[in-house]
Trainee: 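Here it is: the structure, laid out below.
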Number of protein chains: 2
Amino acid sequence: MNVIDGKDVSATRTAYLTLRDMILTGALPAGQKLKIEELRAMLATGASPVREALSLLTSDMLVERIDQRGFRAAPASLANFDEIFSLRCVLEEKALRQSIAAATAEWEERLVLSHHRMKRGAEEGVEPFETAHKAFHMALLDNSGSPMLERFCSQLYDLNIRYRNLAAGGPNYQKRNIAAEHEMILNAVIRGDADAASACLLTHYRHTGDYLSERLTKL
Amino acid sequence: MNVIDGKDVSATRTAYLTLRDMILTGALPAGQKLKIEELRAMLATGASPVREALSLLTSDMLVERIDQRGFRAAPASLANFDEIFSLRCVLEEKALRQSIAAATAEWEERLVLSHHRMKRGAEEGVEPFETAHKAFHMALLDNSGSPMLERFCSQLYDLNIRYRNLAAGGPNYQKRNIAAEHEMILNAVIRGDADAASACLLTHYRHTGDYLSERLTKL
DNA sequence: AGGTCAATAAATATCGATATTTTAATTTTA
DNA sequence: TAAAATTAAAATATCGATATTTATTGACCT
C-alpha cells in the first residue's frame with residue numbers, strides 16, 4: 001500500500017508517522033482539536049487508520065483522547081516542559097550509568113561511530129544533524145540493558161524536541177559550542193568515568209534546558 | 001451503549017477495560033497472540049473498538065503491536081520484572097519526595113483517609129483491598145505536581161501487579177505483616193521525614209519484590 | 001436580558017463487508 | 001530429500017456507510 005524506506009507499511013503506520021511529525025514540528029499546534037474527518041482528508045485515508053494512529057500517539061503523550069469527544073494535540077506548558085526536563089535528568093542518568101557499568105568494546109565503537117556521524121551531519125544541514133544527534137544520545141543509553149528505560153528516554157527526548165520547535169518555530173541552534181560538550185561526554189564514557197559522564201550529560205541538558213526555558217517564557 | 005459505574009461509555013473503552021483486566025489477571029497469558037476476530041466475538045463488539053483498545057493498551061506496555069502482523073499480550077520475563085522493579089524504585093522515590101516537599105494539610109488528610117480505607121478493605125476481601133492498596137500508594141505520590149511522573153508510576157504499579165498475579169495464579173498474600181510497613185510509611189510522611197519515608201517505601205517494595213522474584217524463578 | 005429547552009448540525013464511534021497481507025500447506029524442482 | 005515455488009487458508013487492515021453522541025443554534029418563556 002504505502003512505501004516508506006523501500007518497505008511496505010500499513011496506512012495506520014503512515015498516518016502515525018505523519019501525524020507524529022506534524023505534532024513534533026508544531027504543524028499541528030499544541031492543544032488543537034484533531035478532527036477525524038479533516039485528518040482523513042489530509043492523509044487521504046480512511047477513518048480507521050487515523051483513529052488507530054491517534055490512539056497510538058497517546059502512548060507517546062503527543063495526543064490526548066477524551067472518550068466520546070475525540071482527540072486533541074497534547075497541550076504544551078512551561079510546567080510540562082520542566083517536568084520533562086526533570087524526568088530526563090533522572091532517567092538518562094540512570095540509563096547512562098547502567099550503560100557504562102555494562103560497557104563493552106562493541107558498544108564503545110558504536111558510540112564513536114555515532115559521534116562521528118553527528119559531526120558529519122552537522123556539516124550537511126539541520127535535518128541530518130537532528131537525526132544523528134538523537135542517535136548519538138540514544139546510543140549513550142542503549143547499553144543499559146533496560147528496554148523500558150530506553151523507551152522512556154526516547155519518548156522524553158522527542159517531547160523535548162517538540163518544545164525546541166515550539167520555542168523556535170523550527171529547528172534552530174545557539175551559538176554556544178555544543179560540539180565540545182558532546183566531546184566531553186563521549187570521552188568520559190570511553191574513559192569509563194560514570195560520574196564525570198553523568199555530570200557532563202546533565203550539564204549539557206541543563207544548558208539547553210535553561211536556554212529553551214527562557215525562550216518559552218517569552219511566548 | 002455500554003454502562004459502567006452508571007456512566008455511558010464507548011465500546012472502545014469497555015473493550016479497553018476488559019482486555020486490560022484480562023491481561024493483568026493473566027486470563028490472557030503473556031505472549032499470547034490476540035486475534036481480532038476472537039476478541040471481537042468474546043466482547044460482542046466490532047473490530048474497530050477492539051483494534052483501538054489494543055492500540056491504547058500498547059501505551060500501557062500490556063500489548064505489543066507488530067505492523068501488519070497483529071497484536072499479542074506483552075511477554076513476561078524475570079528480566080522484565082526486575083526492570084519494572086528498578087524503575088519503580090527510582091520513580092516512586094522521586095515522586096514521594098516531591099510530594100512530601102509540597103505537603104499540605106489537605107494532602108495529608110487524603111493520605112490518612114486512603115490508609116484507613118485500605119485497612120477497612122483488607123477486612124472485606126482481596127478485591128476491595130487490591131483497589132484500596134493501589135489508591136493508597138498512588139495517594140502517596142499524587143502531590144508530586146508532576147502528572148507524567150505519576151502516570152509512569154501508576155503504569156509500573158499495574159505492570160507489577162500483573163507479575164504478582166502471574167506468580168500466584170491470582171491475588172495472594174504473604175504471611176508477613178504488610179500493614180505495619182504501610183503504617184511506617186504513612187507516619188514518616190505525616191512527620192514530613194522524606195528520608196525515612198523513602199527508605200520505608202523502598203524497603204516495602206524490596207520485600208514484595210524479593211518474594212515475587214523468588215516465586216517467579218520457580219515457574 | 002438571561003436562561004432553559006428543543007431542533008438542527010456536526011463530529012465521534014461503530015458496524016459489516018472487502019481488500020490486502022501473512023502464514024501454512026502442498027506441490028514442484030534440483 | 002531438501003529447498004523453492006505455488007496455492008489455499010487465515011488473519012490483519014482498510015473502506016464506506018450508518019448509528020450515536022455531543023455541540024450549536026435559535027425560539028420561547030419568565
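Numbers restart at 1 for each chain; the letters A, B, ... are given by sequence-line order, proteins then strands.
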Trainee: Mind calculating the distance between CG (Asp67(A)) and P (dA13(C)) to the nearest angstrom?
Mentor: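 Spelled out: CG on Asp67(A) to P on dA13(C) is 7 Å.
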
Trainee: Grab the CZ-C1' distance between Arg72(A) and dT12(C) for me, whole Å please.
Mentor: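 Value for this atom pair: 14 Å.
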
Trainee: In whole angstroms, how far is the P atom of dA9(D) from the CD atom of Glu37(B)?
Mentor: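 After rounding, the gap between these two atoms is 18 Å.
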
Trainee: Would you call the rings of His133(B) and Tyr157(B) parallel, tilted or perpendicular, where under 30° means parallel and over 60° means perpendicular?
Mentor: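 Tilted.
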
Trainee: Starting at CD of Gln68(B) and ending at C1' of dT21(C), how long is that distance when rounded to a whole Å?
Mentor: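 Distance check: Gln68(B) CD to dT21(C) C1' gives 6 Å.
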
Trainee: Under the salt bridge (Lys or Arg N to Asp or Glu O under 4.0 Å) rule, what do Glu52(B) and Arg65(A) come out as? Steps first, then yes or no, please.
Mentor: CA-CA 12 Å; Glu52(B) 232 174 280; Arg65(A) 175 202 164 91; 2.8 Å; yes

Trainee: Are any protein N/O atoms closer than 3.5 Å to N/O atoms in nucleotides 6-11 of chain C? If there are, list each pair with its distance.
Mentor:
residue: dA11(C); atom: OP1; partner: Lys35(A); partner atom: NZ; Å: 3.1

Trainee: Whether Thr45(A) contacts dC15(D) is assessed here as follows: a side-chain N or O lying under 4.0 Å from the phosphate OP1 or OP2. Is that the case?
Mentor: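 Yes, Thr45(A) has a side-chain N/O under 4.0 Å of OP1/OP2 on dC15(D).
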
Trainee: Could you state the atom-to-atom distance from CG of Leu43(A) to C1' of dT14(D) in whole Å?
Mentor: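 Between C1' of dT14(D) and CG of Leu43(A): 14 Å.
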
Trainee: Counting N and O atoms only, with roles assigned by atom type, does the side chain of Asn165(A) sit under 3.5 Å from a partner on the main chain of Leu24(A), one being a donor and the other an acceptor?
Mentor: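 Such a contact is found between Asn165(A) side chain and Leu24(A) backbone.
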
Trainee: Are a donor atom and an acceptor atom from the side chains of Asn80(B) and Tyr163(B) found within less than 3.5 Å of each other?
Mentor: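 There is such a pair (donor and acceptor under 3.5 Å, judged by atom type) between the side chains of Asn80(B) and Tyr163(B).
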
Trainee: Taking the nucleotide of DNA chain D with the nearest heavy atom to each, does Gly70(B) or Pro49(A) sit closer to the 5' end?
Mentor: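 Of the two residues, Gly70(B) wins.
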
Trainee: Is the shortest side-chain N/O distance from Arg51(A) to OP1 or OP2 of dT12(C) below 4.0 Å?
Mentor: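 False: Arg51(A) side-chain N/O out of range (4.0 Å or more) of dT12(C) OP1/OP2.
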
Trainee: Going by atom types alone, do His182(B) and His204(B) pair a side-chain donor with an acceptor below 3.5 Å?
Mentor: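 Yes, His204(B) and His182(B) have a side-chain donor paired with an acceptor closer than 3.5 Å.
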
Trainee: What nucleic acid atoms does Leu34(B) come within less than 4.0 Å of, heavy atoms only: base, sugar-phosphate, or nothing?
Mentor: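 Here Leu34(B) touches the backbone only, sparing every base.
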
Trainee: Check this one for me: any side-chain N or O of Thr12(A) less than 4.0 Å away from OP1 or OP2 of dT14(D)?
Mentor: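 Checking dT14(D) against Thr12(A), a side-chain N or O does come within under 4.0 Å of OP1 or OP2.
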
Trainee: Establish, yes or no, whether a centroid distance under 6.0 Å links the rings of Phe152(B) and Phe152(A).
Mentor: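 Close enough - the centres of the two rings lie under 6.0 Å apart.
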
Trainee: Are OP1 or OP2 of dT23(C) and a side-chain N or O of Arg69(B) less than 4.0 angstrom apart?
Mentor: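 Arg69(B) to dT23(C) OP1/OP2: side-chain N or O found under 4.0 Å.
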
Trainee: Can you check the Arg40(A) CZ to dC15(D) C1' distance for me, whole Å?
Mentor: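 That distance rounds to 10 Å.
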
Trainee: Using atom CD of Glu52(B) as one end and atom P of dC15(C) as the other, report the distance to the nearest whole Å.
Mentor: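 Answer to the nearest Å: 11 Å.
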
Trainee: When the distance from CZ of Arg13(A) to P of dT21(C) is rounded to whole Å, what number comes out?
Mentor: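 In whole Å, dT21(C) P and Arg13(A) CZ are 16 Å from each other.
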
Trainee: Is the backbone N or O of Phe136(B) less than 3.5 Å from a side-chain atom of Ser114(B), with the two atoms forming a donor-acceptor pair by type?
Mentor: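 Checked: no pair found.
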
